[in-house]
Amino acid sequence: MPVSLPPALELSLGLLRCPTCRTRRTHRTHRTRHAGHLRPTADLRALRCPAGHTFDIARHGYAGLLTGSRAISGDDAAMVRARARFLSSGVYAPVRDVTARLAATAVPSGAAHGSAPGAAPGARPGTERATVVDVGCGTGYYLAGVLDRLPGARGLGLDTSVRALRSAARAHTRAAAIAWDVFRPFPLADGVADVVLDVFAPRNPAEFHRVLRAAGRLIVVRPTGRHLAELRGRLPGMVMVDPAKEERLHRRLGPFFDAVGTELVEYAAPLSGPDALDLVAMTPSARHMGHADLAEDGVPPDPATQAARIAQATHITQAARVTQFTQVSQVTQVTVTVSVLATAYRRR
């Protein structure tokens, strides 16, 4: 069977840098400009840097750049299937719409980017495209929404879950997907992104700052304390939103970013029994313990502490899951409050 490079991945090759070399793009000389640059192998089944480090391209279309020890966590197959079903219901469409609008505002078309008259929104000068990087992209739902608003842009999603990446690699014709851990330095060149998305995902402020262009924007979407309160009332085992989370977010982003605007997205959403079950299944406690509690301040704990917390989280989650799913399966219909904050940040 003939093998071809996924078109979206080919579109994003110029952004990638070898994570083993950990070299970064420099614009000073042609000789050093492509240090660590990843190129497809002759059989188009892998990416390779000039030093010979090679990374497989999965048959599902994403590139696996993770090296060394495993990432802290990643969504399993059941969680990804539940998320895909739930997001396809449209319940979170208003959240995606606001995210896309904030991103589109950050990537002006026309004279702001020097585009030729009639050029597609998101097109940059010459042959260079606007770039949207989605960190913790999951199935690619939010990235696809942004790219729909920016027909000239390319997208790149990073996630640890190979199950989610299979969907992300097919989420949009201009969205590539890469297996990567948010807590490590990103395998991207400096200053390549016009927009970095962080939607219900962990954060790495220093890397967000490094990969954004000078005029780029970081878009952070996170839940308020009212988010899904009705479900949490029925299911005590669901993870609560920490009241101090907002203060902690601003403290961590403060050295790197200034907020330029925040929008509250809040509405009542009626859920059928199956939708409620999928909503619970796609966000069990294990996912939050893996990303938020295990590395609450954005820095992974030492290996021994990490292993102990994962073991504890797994034990708690296995017991809680059975109880939660039994309770929610008895729900025929429930109206929940969707309540999130979406903030655009500029680099300091």
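- What you find for A176 and S12 is that their closest heavy atoms are CB-OG, 4.0 Å.
- Without hydrogens or angle criteria, W180 side chain to V135 main chain gives no donor-acceptor distance under 3.5 Å.
- In this structure, R96 forms a cation-pi arrangement with Y141, its terminal cationic atom sitting closer than 6.0 Å to the ring centre and no more than 45° off the ring axis.
- Of all non-hydrogen atoms in V182 and N204, the two that sit nearest each other are O-ND2, 2.8 Å.
- Under the 3.5 Å distance criterion, the side-chain polar atoms of T224 are matched with a main-chain donor or acceptor of R226.
- Taken from CG in D75 to CZ in R81, the straight-line distance is 12.0 Å, to the nearest 0.5 Å.
- Contact record, R347 with L212: NH1-O, 3.2 Å, taken as the closest heavy-atom pair.
- R45 and D56 are not joined by a salt bridge, as no carboxylate oxygen comes within less than 4.0 angstrom of a charged side-chain nitrogen.
- The backbone N or O of V338 sits nowhere less than 3.5 Å from a side-chain atom of H227 that would complete a donor-acceptor pair.
- Listed for the D76 side chain is a donor-acceptor partner under 3.5 Å among the backbone atoms of M79.
- If you look at Y92 and F86, their ring centroids are closer than 6.0 Å.
- R346 places no side-chain N or O within 3.5 Å of a backbone atom of A214 that could act as its donor or acceptor partner.
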Show your reasoning for whether side chain to side chain contact (heavy atoms under 4.5 Å, CB included) applies to L197 and V133. CA-CA 6 Å; L197 301 178; V133 175; over 6 Å; no
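- Among all heavy-atom pairs drawn from V192 and T131, the shortest one is O-CB, 3.3 Å.
- Classified by interplanar angle (parallel below 30°, tilted 30° to 60°, perpendicular above 60°), the ring pair F200/Y142 is perpendicular.
- Proximity of F186 to P19: side-chain heavy atoms (C-beta onward) are nowhere separated by under 4.5 Å.
- Closest non-hydrogen pair, R129 versus G152, comes out as NH1-O, 3.3 Å.
- Closest of all the heavy-atom pairs between I219 and A344 is CD1-CB, 3.7 Å.
- Salt-bridge annotation for R101 and E263: present, with a side-chain N of the basic residue lying under 4.0 Å from a carboxylate O of the acidic one.
- Side-chain N/O atoms of T262 and T343 include a donor and acceptor closer than 3.5 Å.
- For the pair T41 and L47, the minimum side-chain heavy-atom distance is 4.5 Å or more.
- Ring-plane geometry between H209 and F257 is classed as perpendicular, the angle between the planes exceeding 60 degrees on a 0 to 90 degree scale with a lower cut at 30.
- A donor-acceptor contact shorter than 3.5 Å links the side chain of R210 to the backbone of L188.
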Working for side-chain hydrogen bond (donor to acceptor under 3.5 Å, both in side chains), residues E230 and T335: CA-CA 7 Å; E230 296 83 0; T335 296; over 6 Å; no
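- When atom types are taken as modelled, the side chain of R83 and the backbone of T139 share no donor-acceptor pair closer than 3.5 angstrom.
- A salt bridge does not link D275 to R85: none of the charged nitrogens lies less than 4.0 Å from a carboxylate oxygen.
- For the residue pair S161 / R166, no side-chain donor-acceptor distance below 3.5 Å is found, with atom types taken as modelled.
- Between the side chain of R17 and the backbone N or O of G14, at least one donor-acceptor pair lies under 3.5 Å.
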Pair R149, D97 - check salt bridge (charged side-chain N to carboxylate O under 4.0 Å, His left out), show working. CA-CA 9 Å; R149 290 285 294 264; D97 291 344; over 6 Å; no
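- Not a single donor-acceptor pair under 3.5 Å links the side chain of R170 to the backbone N or O of A168.
- Under the 3.5 Å distance criterion, with hydrogens and angles disregarded, a donor-acceptor pair is assigned to the side chains of T54 and R48.
- When atom types are taken as modelled, the side chain of R203 and the backbone of L249 share no donor-acceptor pair closer than 3.5 angstrom.
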